Structure formats: structure tokens, C-alpha cells
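Reminder, nothing fancy here: chain letters follow the sequence lines and each chain counts from 1. Just so it is clear, the structure is predicted and the values come from calculations on it, not from any experiment.
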There are 2 protein chains.
Amino acid sequence: MSNLSHSPNRWLRVNLDAMSPTSRPRNSRSGPVPAATVSRLTLYLRELGDLAEKGEETISSSRLADRLGITSASVRSDFQFIGVSGVSGRGYNVRNLIEQIKDSLGLSLVQRTIVVGMGNLGRALISYPGFQSRGFEIVAAFDTDPRKIGVRVGHRVVQSLEELESVVKTQKVSLAMLAVPAEVALEVAKQLWSAGVSGILNFAPTSLGEGEYVNVDVAAELQQLSFRTRSKGAARAAE
Amino acid sequence: MSNLSHSPNRWLRVNLDAMSPTSRPRNSRSGPVPAATVSRLTLYLRELGDLAEKGEETISSSRLADRLGITSASVRSDFQFIGVSGVSGRGYNVRNLIEQIKDSLGLSLVQRTIVVGMGNLGRALISYPGFQSRGFEIVAAFDTDPRKIGVRVGHRVVQSLEELESVVKTQKVSLAMLAVPAEVALEVAKQLWSAGVSGILNFAPTSLGEGEYVNVDVAAELQQLSFRTRSKGAARAAE
DNA sequence: AAATGTGAAGGATTTCACAGCG
DNA sequence: CGCTGTGAAATCCTTCACATTT
């Protein structure tokens, strides 16, 4: 349930009648939010966070676009998909924009997250300070290696995978970051889904089959970078 | 915005059985390789590596497609872009495929890479064993913190950024992974480009402006995952 | 004047569907 | 047969351009 209990305000003009998770405002460019839009929404959030810190109150589509190297039309069209409106001649209200993007990404409440696999990468993830401010809280860490279980990493104690299901339930975990060796990634992923996790961010270079997941494959990104530096001399930076 | 792709015809050469290191086929679906294709090529490489290990000699577009959750037409069309051909009724030769994809991504030679920033993430990257087999060698590590310089991480000794330029030159470094705090990322990126690095894989959640780079923003990926798990119940897993 | 909101145009990418080959 | 190679169709995404709003 999205709770937009902000006081009415002249910048914000959304139809927030009964927004159940799957319903969309209808002054939007109707239809489902395109994947390309979703991916840009996360970038807008990043920039808007900066702007808010600097005390900026409004932002125009074209200034925001410039910061990201995209077109202003693209920005406006993305905002329409999530039903955000601005003010002609002035722009969009930064604070509202942040709330509405968060809301449409399912980030109005902090998402409770776990890390599975306490190798170098898993430990780095646990200690990374940037999650909290972007909507995620790491509530537990897991490994199978008995030598690692019970050890403190950051400010969490590593637990056995046997405790997975109960932790997911009692702690209301929704997402997991999977940082285990590729050989076991699929197997552990199945355990995660069956324990009730709803999505996995997978750092192993493997497909995970049926469930909901996103891969982060650093070597693959390097390979794409390699291609760009070879072929086009004047390529646009992207992310 | 301006689309300044200025790559009409660079070098066009055949690469069927005659072998010449850097060649670009012409029985391709002419024109530049689409970004979407490039990103899938890296995934094909991953799967093909597995298949090769298992001793498979050929693979059909549809079996490969199934493994990645995409369509076989997509696979065939991607292969056409890089001028790879298969055999009717049989499929594609795994070993050749690997070579040709590597070739078209600029990976026929190992790419010499550095890591800048020896925090938790930088150290995890240095120790990650998966780069070598996918075409990258980490040849040096850098930090600015005097307490870290001279320290051994993995099997490299951390160097000062002052040595950057000379290392890039003498070691023929082409790519860098940037794992420094967001506040200094842009500044360090400029140093990297001016030292002669041709592409940067940026782990800080910031845009880097003009040069050639790709961002890996873990929190942003989590946010996209969050969206997917909220909205569509029957979403396709992707990467 | 400055900026939004949006049809319509234009590209890019994906998928279809099927002829033809081994 | 099974599978490739490929035009053509379909879909998705981006950008243009301009009327409209504050």
C-alpha cells in the first residue's frame, strides 16, 4: 500500500485515488512502465538526492536531463508514466519528485535485505554505507562455511543457511544479494525463493532460471566497456 | 541530443578461416553492432564458456536462447551482426563462436586493467578470481591514503596515485575500475583519462561526464529489482 | 519567458514466419 | 528432419515540435 500522506500542496498534482500496488495513476502515458523508464528513474533519484541536499526546490526536465546526458523529452515522458506533473515555466518540485519516484519503485518503505555469501564481495556489500540512504537495510548475513558462522562482519553476525527461512519470515526480508561461487548460485537461489525472498540481486555470473532476479556481472560490464573503447571513438558515456 | 556516431566503415575484412587478429566481417547485417547486441554477446560468452568446459562442440540458437531466457531469432540476429555463421540442421561451433565473439568485443588480447581505491570493494575486486578467464588482467592497485600505500593486497602492492601515469604507460593499461568515494570519483576519473586509460568501470553512484565509462550502481540495481517484485507478478528474469 | 504535456514521427530492437540448406 | 539466415511485421523507445500553462 502506498501511503502518500503528504499535505496537499501546489506543486503536486497526482491522482492518488486508490493506488494499489498494481494500479497506476491515469494521467500517465497509460500502460505499464517501460523497463527503460524504470532504469532511468533510479538515476533521477540519485541526482534528486544531491539536489535536495543542496537545498534546491525545483528542477526542470532539461536541467535534470543535462546532468545525465539524456534528452528533456525523455525525462518528461518518464515522469508521465508514473503520473508526476510539474508546473509550466517552473519545473518539478524536488521533494515531491523524490517521494513519487520512490513510491513507484516500491521504495516508500525501506526494503529489508540480506546478504548470502561472506567472501570478499559479500563482506564488501555488508559494509557498504550507501544502501540505507537509497532505501535498503541489510538485516542479516549468511554463509555455509562453519568457520565463518558466528563471526561478526560489520555489525552483523554471520548465520547458517539453516536459519534462512526463519529469519526471512520473522524479519520480513524481501530481497537478497547473492555473493556465492557460481557453482552453487542456482541452488542457493532456490533456497532463497522457497524461504520467501521475492527478488535476488545475483553477483555470480550465472542465470538463475525461473524466479525474479537481476544479475550484476562485473566482468560482463568490463567486456562491454572493452567493446566501446575499441569501436567508437566518440561514444556517449552511459550507465 | 546529438548523435555523433562517426563510424561508417572502419576496417572491413573477412574472418572466416583466414585468421587475422582484428577483423570485422562483412557478411553481417550491415551497420554498427547495436548496444543491445553487445550486451547479449557478453552473456553468450559466459554460457559458451560453460559449454566448452563440458566438451560440447556445437550449440543451436534455440538451446542457447533458452539458457538465457531470450528468443532464438534474437540470437541468430546477433550473430549476424558480428558475421558469425552456423550450419543448417546442426548449429554453431562452440569454439569458433567464442573466438569470434571475443574478437568482436576487442577481447582477443587480454586487457590490462587497474583498480583504483582500496576500500572494501576495491579489495574484493582485486581478489576476484573471475577476471582472468574472461579477458582481463589486473596489473596494479592504487589508493591515496598513505597508510594503504605499500601494503600488499592479494598479490599486488598498493601504489600512490602519483605513479599512475607511469604505470599506465609502461604497463599498457587500457581499463580501470574505479572504487573510490563518490565525492572524489569525478576528479580521479579525470586523472585516469589524462593518464591514458581508455575506459573506466565506475562503482561510485555518480556520472563521470565526458569520457568513456560504464557505471555499476548496485543500489540502483536493487531499486530496479524492487520495482519488479512490486509490480509484475509474472515478470521475466533478466540481467 | 520558461517550461510542461503530448500527438506524431522516427529509430531501434524484437519477433515472426518461412524459404532453403545440410 | 532440425536449424540457419533473413526479409517483413510488430513492438518498444526516443525525439521532435508545438500548443498550452503559469
State whether a side-chain donor-acceptor pair under 3.5 Å links A:Thr42 with A:Arg46. no
Please enumerate all protein N or O atoms sitting under 3.5 Å from an N or O of nucleotides 3-5 of chain C, with distances to 0.1 Å.
from	atom 1	to	atom 2	distance (Å)
C:dA3	O4'	A:Gly89	N	3.2
C:dT4	OP1	A:Ser61	N	2.8
C:dT4	OP1	A:Ser61	OG	3.4
C:dT4	OP2	A:Ser61	OG	2.5
C:dG5	OP1	A:Gly86	N	3.1
C:dG5	OP2	A:Tyr92	OH	2.9
C:dG5	N7	A:Arg76	NE	2.9
C:dG5	O6	A:Arg76	NH2	3.3

Between CG of B:Asn93 and C1' of D:dC3 the distance, given in whole Å, is 15 Å
Taken to the nearest whole Å, CZ/A:Arg40 to P/D:dC12 is 15 Å
Is the shortest side-chain heavy-atom distance between B:Thr113 and B:Val173 below 4.5 Å? no
Note: A:Arg230-B:Asp103 ion pair, threshold 4.0 Å (strictly below): no
Once you round it to whole Å, what is the distance between C1' of C:dA2 and CG of A:Asp66? 15 Å
Send over the distance from B:Leu64 CG to D:dC3 C1', rounded to a whole Å. 14 Å
Between atom CD1 in B:Ile70 and atom P in C:dT15, what is the gap in whole Å? 8 Å
Residue pairs involving residues 172-181 of chain A (criterion side chain to side chain donor-acceptor pair (under 3.5 Å); sequence neighbours excluded): A:Gln111-A:Ser174
What residue pairs, at least two apart or across chains, pass salt bridge (Lys or Arg N to Asp or Glu O under 4.0 Å) with a residue in residues 59-73 of chain B? B:Glu47-B:Arg67, B:Glu56-B:Arg63
Between B:Val33 and B:Phe81, what is the shortest heavy-atom contact and its length? CG2-O, 4.3 Å
Protein-nucleotide distance (A:Phe81, atom CZ; C:dG7, atom P), rounded to Å: 12 Å
